[in-house]
Student: 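Please see the structure below; I have some questions.
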Amino acid sequence: MQYQFNEIENKWRKYWAENKTFAAEDNSVKPKYYVLDMFPYPSGAGLHVGHPLGYIASDVFARFKRLQGFNVLHPMGYDSFGLPAEQYAIQTGQHPAITTKTNIEGGTDKDGNVIPGYRNQLDKIGFSFDWDREVRTSDPNYYKWTQWIFKQIFNSWYNKETDRAEVIDTLIEKFETEGNVNVKAVTDCDMTFTAEQWNGWNEEEQRKVLMSYRLTFLSDTWVNWCPALGTVLANDEIKDGVSERGGHPVEQKLMRQWSMRITAYAERLLKDLDTVDWTDSIKDIQRNWIGKSEGASVEFKVESSKFKVEVFTTRPDTIYGVSFMVLAPEHELVNQITTAEQKDKIEAYKKAASLKSERDRQSDIKNITGEFTGAYAIHPFSGDKVPVWIGDYVLASYGTGAVMAVPCGDQRDWDFANHFNIEIKNIFKDKDISEAAYAEKDAVITNSDFLNDLPVKKATKLAIYEIERSRLGKGKTQYRLRDAVFSRQRYWGEPFPVYYKGDTPYLLDTDEVVELPAIDKYLPTEDGEPPLARAKKEDWNIACPGDRMEYNTMPGWAGSSWYFLRYMDSKNINEFVDVEKVKYWQNVDLYIGGAEHATGHLLYSRFWTKFLYDMGYIPFEEPFQKMINQGMIQGNSAYIAEVHFSIAFWREGHDLEKFYDENPLTTMYVASEYIESDFVDMEKECHKLMVEKFGEELMKDVELTYASTLRKAVPIDSVSGNKLNIEKYIKWSNAGSSVFLKNKNGDFTVEREVEKMSKSKYNVQTPDELVDKYGADTLRCYEMFLGPLEQHKPWDTQGITGVNGFLKKLWRLFHDDNGLNVSDETPTKEELKSLHKTIKKVKEDIERFAFNTPVSTYMICVNELTALKCNKKDILQDLLIILSPYAPHIAEELWAKLGNKESITYAVFPKHNDAYLVESNHKYPVSFNGKMRFMLELPTNMKKEDVEAAVMANEQTLKYLAGQTPKKVIVVPNKIVNFVV
RNA sequence: GCUCGGAUGGUGGAAUUGGUAGACACGCAAGACUUAAAAUCUUGUGUCCAUUAGGACGUGCGGGUUCAAGUCCCGCUCCGAGUACCA
């Protein structure tokens, strides 16, 4: 009786769905375990084999935890707001909601292409998701709560005294009673006011001030504007100076935008990385991104004016080395301090800088540019005049947008000074700075008045002390992290629950969701407003009490920043999540997904989680306790060389002419071995092959001339190993009239290349094909077997037969021609040993998240049982349980056949029994007086005293002891047994 | 430039705390069954020497620690990832 995986898998898939086998219980007495995958964006292209890799691993773990008696939450959903659906809408006019639905549920798109549907593809692989909890970020019932969270953030400020976010009312109360003098907040409000002043202001004025305290705020800010996408982008959405999606250029633009004050959480985001179990590499990326640096801010007065330039420096110890200052071209003081005679030059420079894209600025690093403003600043300690320049190596968005330049200690300052012939002061004792700056921190300071003869560390401390004492500035910690731009000028995203009266934004006073209104076109308006400006007031489901609604939408990361909470209570219409449920489920125990979200999603969801914690809505501060980042599965493309010839005929009127018209015989495909060979050889070989194919008579007057060689990708399903299946390829490419030059062994070899999966390279492998051919269980085992989960690896189907063979073997072991064939006999010791070895190893490996090795362990076990011809029921029962996380369908089928009424999901993971493992030995190296003499094998489960006795009784030991009693015996299992004689 | 990973047979990889390197699988070779193919099964398979017995070498390179190093330490080479005027 054969292993009919299709039948089995369909049957159990249906059973699991109908019986809701994987439903998580909300108020269980069992311990909880939360296993989560990063939810996918449902694109029209569907899944390829790389997508399910992480899902299979998490599914294995979820099933394993269920077997261990945990109440497992293992949900799935869709991050369904996003660009591709919107781009498609712009092209076709189809509403993104329809595209999204088709991509998830399957169907056909507007061009008639068949869309498989994410859900259908996922279902085929046999995941144990609790689908009743599915979320879609573009569902109004979901984004209602995204909007709600936005409102909470809007109504909050960050209190530095309590080091947490608080509701804005506590701030207003302080303003009303004592003004802002004693308020310690994260804010960009730089004025102080009294309670009288506050109370005297009208609502609009008060709101303006409050805006600079809110955790999400509207402000004019320098943003990354992407003209091609027609929207602003956050820093993490830009890679190498171009947009991550589409690779379009990005420029700096001053725009009125919503931002999230994530910088308020910089320190906590940094510190709490120590509390989560993530890879060092991800933690490192986040640490770098947050970019903490400590130093001081110092004010420099501008000569004969009321203006002051504030700078941030990490090296206050080098303050006597300052010989000039540089402002960012966008710095607000530039216009005010520039002298009349420099005005034109400065204006020209500013204009040139503003036209440069981010990318140009980066690629221009070596070009040193700048312009003198004509103004001088006064050195706060020495009183010297220092020229003030502008230069685009200083960023407007970091620190204060201005630097004190210390050319002897900073290479960029040195280059700038060198280029413009500005003085370079040396303040480092015995260091040569004639060729380059000295940036090491091991120097001793000199020529620096009160800092003379101090090493860097002490000088820094003293300098900060003096700066603070003289009220020139203060010690300061600066973060590279910027506040996150929260507006997007797009349609397909969450609308803001915000309206405007004049220029002042207000939250909509409603508990209803603000739904995306229907619009006629998904493009910006003619006067450059976002697409939502096309909606009339009455198109919105909420009546606008002011002049207009907010036209921006929220960025992609809004919905994904809290989705893990919604799974706990996805249908709740009264709250974003029920308090009791979140108390029970807590944070995600195991999170699996790609490492590419390190500075985006993973940072933002930590931020929102901390905020919700501060507000008392959830009882934990970190969303994802343990995380594993699965590697990318690359495509394994195959290339062949297509050689072109021109054909000449000797004789006129020859039949060949007609023949040639019908069969343009100008191409030959050559096996990869021939690619390097001479084209003269190719001509000969091709001719020979044509003679073989068409006969000598026809070919005798034909001359071939080599023209060119083309490298051509061939579909991977016509290749096995390195060999091309020529018939398959001919069928696919209609190359029937071409000839194929094989190598000496008679094979046609291809060139292989590992690269990203893409349609144009014909190297995409969908999981569906493999499920149809080998079954879901085989696919699951094989994807795990491929190698360590975290590692990038090329896809290669060669090995899949081995994994498939193991499942067949298992099936055969317990079946004969008549069906199930199991014996009720008591298992032998050997059989039990094989089983218990497997239980132990599989359990240990899954527990340390090694998902590849258990597959090998199963194979060894089945091989051993086959050799023992073991078909004992008792062995099979346990084997099925431990196999079920990896190959749930076959396990469930056999489990039922053995007469079990309940799904194997509710079985208990067996405990291994050491008694069956005694024969497995430990090696004890035995040494005398510190020198190793021999290895002794003893059973693993021996007690320390027994080991000692066994070693003492050993023949070789006795020889070495020669009647003496050892003074000291040191026994450490698997470590050396040391005898001091 | 800075930060973090990685390098093991023909291939993917295993070796968990320093303890028989190469598990398991692919591929390859030989054999069995078959008219044949597929499927299945058996055997072999790191390199070199040797008919065998057996021996020598072997985890990117060079050193070190240790009775014992793929694993720990120092110095390099190459590959991958992140980041980049962050003052």
Side-chain angles (χ1 to χ4, degrees), chain A residues 2 239-241 279-289 291-293 295 297 311-315 318 325-326 328 361-362 364-368 391-395 397-406 409-413 415-416 439 478-482 595-596 598-599 629 631-632 720-722 752 781-782 785-788 790-806 808-809 812 841 844-845 847-848 850 852-861 863 866 922-935 937 972-976 978:
Chain A
Q2 273 213 332
K239 293 266 135 76
D240 302 323
T279 62
D280 288 339
S281 120
I282 295 269
K283 287 188 184 184
D284 230 72
I285 291 170
Q286 290 210 348
R287 283 193 193 106
N288 287 338
W289 191 261
K292 182 179 182 173
S293 50
S297 70
V311 299
F312 172 75
T313 177
T314 53
R315 297 289 302 272
T318 63
M325 300 186 79
V326 187
R361 271 201 186 195
Q362 271 181 30
D364 241 19
I365 289 174
K366 275 154 252 141
N367 264 334
I368 296 158
D392 67 2
Y393 83 94
V394 176
L395 303 178
S397 48
Y398 182 75
T400 59
V403 300
M404 57 175 228
V406 183
D410 183 289
Q411 192 55 45
R412 295 169 318 240
D413 295 347
D415 292 338
F416 196 88
Q478 185 73 43
Y479 298 91
R480 202 191 77 118
L481 184 72
R482 315 284 160 85
E596 67 274 16
T599 52
N629 307 109
M632 197 180 46
S720 76
N722 284 334
R752 284 289 198 170
C781 290
Y782 186 58
F785 183 68
L786 220 49
E790 298 90 339
Q791 204 168 288
H792 295 288
K793 50 209 163 225
W795 180 255
D796 171 21
T797 42
Q798 285 217 55
I800 203 165
T801 53
V803 177
N804 189 235
F806 134 73
K808 284 191 204 162
K809 218 169 182 177
R812 253 198 327 271
K841 182 97 170 82
E844 285 172 359
D845 283 350
E847 273 173 350
R848 65 184 176 102
N852 51 337
T853 41
V855 183
S856 302
T857 311
Y858 297 137
M859 289 182 188
I860 295 168
C861 181
N863 284 346
T866 305
H922 239 130
K923 285 178 190 70
Y924 289 88
V926 182
S927 89
F928 291 89
N929 294 337
K931 285 273 176 216
M932 215 278 271
R933 300 302 156 94
F934 59 91
M935 299 283 289
E937 276 195 31
V972 185
N974 213 17
K975 287 276 156 63
I976 203 155
N978 210 338

Student: Looking at every heavy atom in both Q798(A) and Y782(A), which two are closest together, and how far apart are they?
Tutor: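 Minimum heavy-atom contact is N-OH, 4.4 Å.
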Student: Counting any heavy atom closer than 4.0 Å, what does Q478(A) reach on the DNA or RNA strands: base, sugar-phosphate only, or nothing?
Tutor: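 Result for Q478(A) = nothing.
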Student: Would you tell me whether D413(A) and Y393(A) have side-chain atoms, one donor and one acceptor, within less than 3.5 Å of each other?
Tutor: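 Indeed, the side chains of D413(A) and Y393(A) share at least one donor-acceptor pair under 3.5 Å.
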Student: In whole Å, measure the gap between the C1' atoms of U11(B) and A7(B) for me.
Tutor: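 Their C1' atoms lie roughly 16 Å apart.
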Student: Consider the side chain of D284(A), meaning its heavy atoms from C-beta on, and name the nucleotide among C85(B), C4(B), A23(B) that approaches it most closely.
Tutor: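 Of all the options, the side chain of D284(A) is nearest to C4(B).
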Student: Remember a base hit wins even if backbone is also touched, and classify T279(A) as base, sugar-phosphate or nothing at under 4.0 Å, heavy atoms.
Tutor: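 The answer is nothing, as T279(A) stays clear of every strand by at least 4.0 Å.
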Student: Could you measure between the two C1' atoms, the one in G63(B) and the one in U52(B), and give it in whole Å?
Tutor: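 Taking atom C1' in both G63(B) and U52(B), they lie 40 Å apart.
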Student: OP1, OP2 of C41(B) versus side-chain N and O of R812(A): anything below 4.0 Å?
Tutor: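 Checking C41(B) against R812(A), a side-chain N or O does come within under 4.0 Å of OP1 or OP2.
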Student: Kindly give the heavy-atom pair with the smallest separation between V803(A) and C781(A), and that separation in Å.
Tutor: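 In terms of heavy atoms, the two residues are closest at CG1-CB, 3.3 Å.
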Student: Considering only the P atoms, how many Å lie between A15(B) and U71(B), rounded to the nearest integer?
Tutor: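 To the nearest whole Å, 15 Å.
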Student: Sort out the partner of U71(B) for me: Watson-Crick or G-U wobble, both distances under 3.5 Å, none otherwise.
Tutor: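 Paired with U71(B), as far as the under-3.5 Å criterion goes, is no nucleotide at all.
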Student: OP1 or OP2 of G1(B) versus the side-chain N and O atoms of Q411(A): is any pair under 4.0 Å?
Tutor: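 Indeed not, no polar side-chain atom of Q411(A) lies that close.
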Student: To the side chain of T853(A), which of G13(B), U83(B), A14(B) is closest?
Tutor: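 Closest of the options to the side chain of T853(A): A14(B).
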Student: Over how many whole Å does the gap from N288(A) atom CG to A81(B) atom P extend?
Tutor: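 Atom-to-atom, N288(A) to A81(B), this comes out as 17 Å.
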Student: Have a look at G9(B) and give me syn or anti from its glycosidic angle (syn if within 90° of zero).
Tutor: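 G9(B): syn glycosidic orientation.
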Student: Does G631(A) offer a backbone N or O that forms a donor-acceptor pair with the side chain of H792(A) under 3.5 Å?
Tutor: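 No, the answer is negative, given that no donor and acceptor are paired below the 3.5 Å cut-off.
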Student: Taking U45(B) as the reference, what is the distance to A53(B) when you measure between their P atoms (whole Å, please)?
Tutor: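 Looking at atom P only, A53(B) and U45(B) are 12 Å apart.
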Student: What are the two closest heavy atoms between A328(A) and L395(A), and how far apart are they?
Tutor: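 Smallest interatomic distance, heavy atoms only, reads CB-C, 3.9 Å.
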Student: RNA chain B: S856(A) or S293(A), which has the more 5' nearest nucleotide?
Tutor: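 On the 5' side of the pair lies S856(A).
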Student: Using the side-chain heavy atoms of K808(A), tell me which of these nucleotides is nearest: U16(B), A23(B), U40(B).
Tutor: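 Given the options U16(B), A23(B), U40(B), the side chain of K808(A) is closest to U40(B).
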Student: Quick check on RNA chain B: between R848(A) and V403(A), whose nearest nucleotide comes earlier from the 5' end?
Tutor: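 On the 5' side of the pair lies R848(A).
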Student: Take atom P in U20(B) and the same atom in A69(B), then report the distance between them in whole Å.
Tutor: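 The same atom, P, in both gives a distance of 11 Å.
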Student: Can you tell me if N852(A) touches the phosphate of A14(B), counting only side-chain N or O atoms and a distance under 4.0 Å to OP1 or OP2?
Tutor: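 Affirmative; the distance criterion is met.
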Student: Give none if U66(B) has no partner; otherwise give the nucleotide forming a Watson-Crick or G-U wobble pair with it, both distances under 3.5 Å.
Tutor: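 For U66(B), the partner nucleotide comes out as none, under the 3.5 Å rule.
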Student: Taking A850(A)'s backbone N and O only, do any of them form a donor-acceptor pair with D845(A)'s side chain (distance below 3.5 Å, no angle check)?
Tutor: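 No, D845(A) side chain to A850(A) backbone: no donor-acceptor pair under 3.5 Å.
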Student: Separation of Y858(A) atom OH from A23(B) atom C1', in whole Å?
Tutor: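 Taking atom C1' of A23(B) as the reference, OH of Y858(A) is at 17 Å.
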Student: For a quick test of reading the model, state the closest non-hydrogen atom pair linking R315(A) to M404(A) and the distance between them.
Tutor: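 Distance-wise, the nearest heavy atoms are O-CE, 3.9 Å.
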Student: Is there a Watson-Crick or G-U wobble partner for G82(B) with both distances under 3.5 Å, and which nucleotide is it?
Tutor: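 Partner of G82(B): C2(B).
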Student: Measure from the side-chain heavy atoms of P788(A) and tell me the nearest of C4(B), A14(B), A15(B).
Tutor: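 Side chain of P788(A) sits closest to A14(B).
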Student: Within this structure, what is the CD-to-P distance between E790(A) and A14(B), rounded to whole angstrom?
Tutor: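 Rounded to the whole Å, the gap is 10 Å.
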Student: Looking at A87(B), I'd like to know if its phosphate oxygens (OP1 or OP2) sit under 4.0 Å from a side-chain N or O belonging to Y393(A).
Tutor: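 So the side-chain polar atoms of Y393(A) never come under 4.0 Å of the phosphate oxygens OP1 or OP2 of A87(B).
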Student: Could you tell me how far G22(B) sits from G9(B) if I compare only their C1' atoms? Round to whole Å.
Tutor: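 To the nearest whole Å, 7 Å.
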Student: So if I take every side-chain heavy atom of R480(A) and compare against A84(B), A87(B), U40(B), which nucleotide ends up nearest?
Tutor: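 Per side-chain heavy atoms of R480(A), the pick is A84(B).
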Student: I want to verify a distance call: between U83(B), A87(B), U16(B), whose nearest atom is closest to the T314(A) side chain?
Tutor: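 So the nucleotide nearest the side chain must be A87(B).
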Student: Is there a side-chain contact between T853(A) and E844(A) (heavy atoms, below 4.5 Å)?
Tutor: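 A side-chain contact is absent here, since even the closest heavy-atom pair is not under 4.5 Å.
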Student: Of the options U83(B), C41(B), U16(B), whose atoms approach the side-chain atoms of K841(A) most closely?
Tutor: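 The closest nucleotide is U16(B).
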Student: Both distances under 3.5 Å, Watson-Crick or G-U wobble: report the partner of U17(B), or none.
Tutor: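 With both distances under 3.5 Å required, U17(B) matches none.
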Student: Verify side-chain contact (heavy atoms from CB on, under 4.5 Å) between K809(A) and N863(A), making sure each step is shown before the conclusion.
Tutor: CA-CA 8 Å; K809(A) 218 169 182 177; N863(A) 284 346; 2.6 Å; yes
Student: In this structure, how many angstroms lie between the C1' atom of A38(B) and the CD atom of Q2(A), rounded?
Tutor: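 It is 12 Å, rounded to the nearest whole Å.
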Student: Rounded to the nearest Å, what distance is computed from the CE atom of residue M404(A) to the P atom of nucleotide A87(B)?
Tutor: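 To the nearest whole Å, that distance equals 12 Å.
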Student: Could you walk me through whether V311(A) and M325(A) pass the side-chain contact (heavy atoms from CB on, under 4.5 Å) check?
Tutor: CA-CA 9 Å; V311(A) 299; M325(A) 300 186 79; 3.4 Å; yes
Student: Could you work out, with side-chain hydrogen bond (donor to acceptor under 3.5 Å, both in side chains) as the rule, every residue matching Q478(A), not counting sequence neighbours?
Tutor: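 By the side-chain hydrogen bond (donor to acceptor under 3.5 Å, both in side chains) rule, Q478(A) matches no residue at all.
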Student: When you get a sec, tell me which of A84(B), C85(B), U16(B) is the closest nucleotide to the side chain of D845(A)?
Tutor: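 Minimum distance to the D845(A) side chain belongs to U16(B).
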Student: Taking any strand in view, what nucleotide pairs with U34(B) in a Watson-Crick or G-U wobble way, both distances under 3.5 Å?
Tutor: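 Paired with no nucleotide.
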Student: Report each atom pair, protein N/O against N/O of nucleotides 25-33 of chain B, whose distance is under 3.5 angstrom.
Tutor:
from   : atom 1 : to      : atom 2 : distance (Å)
A25(B) : OP1    : N863(A) : ND2    : 3.1

Student: Rounded to whole Å, please give me the gap between NZ in K283(A) and P in A81(B).
Tutor: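 K283(A) atom NZ is separated from A81(B) atom P by 24 Å.
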Student: Using atom P of each nucleotide, how far apart are G70(B) and C4(B) to the nearest Å?
Tutor: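 Straight-line distance between the two P atoms is 26 Å.
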Student: Under a 3.5 Å cut-off for both distances, is U59(B) Watson-Crick or wobble paired, and to whom?
Tutor: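 Because no pair has both required distances under 3.5 Å, U59(B) counts as unpaired.
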Student: In the strands shown, is U51(B) matched to any nucleotide by a Watson-Crick or G-U wobble pair with both distances under 3.5 Å, and which?
Tutor: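 Partner of U51(B): none.
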Student: If I take atom CG in residue D413(A) and atom P in nucleotide A87(B), what distance separates them, rounded to the nearest angstrom?
Tutor: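 My rounded result for the distance is 11 Å.
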Student: Looking at G82(B), I'd like to know if its phosphate oxygens (OP1 or OP2) sit under 4.0 Å from a side-chain N or O belonging to S281(A).
Tutor: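 No, outside the criterion.
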Student: Rounded to the nearest Å, what distance is computed from the NZ atom of residue K793(A) to the P atom of nucleotide A7(B)?
Tutor: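 That distance rounds to 14 Å.
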Student: State which of A87(B), A14(B), C24(B) makes the closest approach to the side chain of I860(A).
Tutor: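 Of the options given, the side chain of I860(A) lies nearest C24(B).
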Student: Taking atom C1' in both G75(B) and A29(B), compute the distance separating them and give it to the nearest angstrom.
Tutor: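 Rounded to whole Å, the distance is 44 Å.
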Student: Does U11(B) have a Watson-Crick or wobble partner in any strand here, with both distances under 3.5 angstrom, and which is it?
Tutor: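 U11(B) is paired with A25(B).
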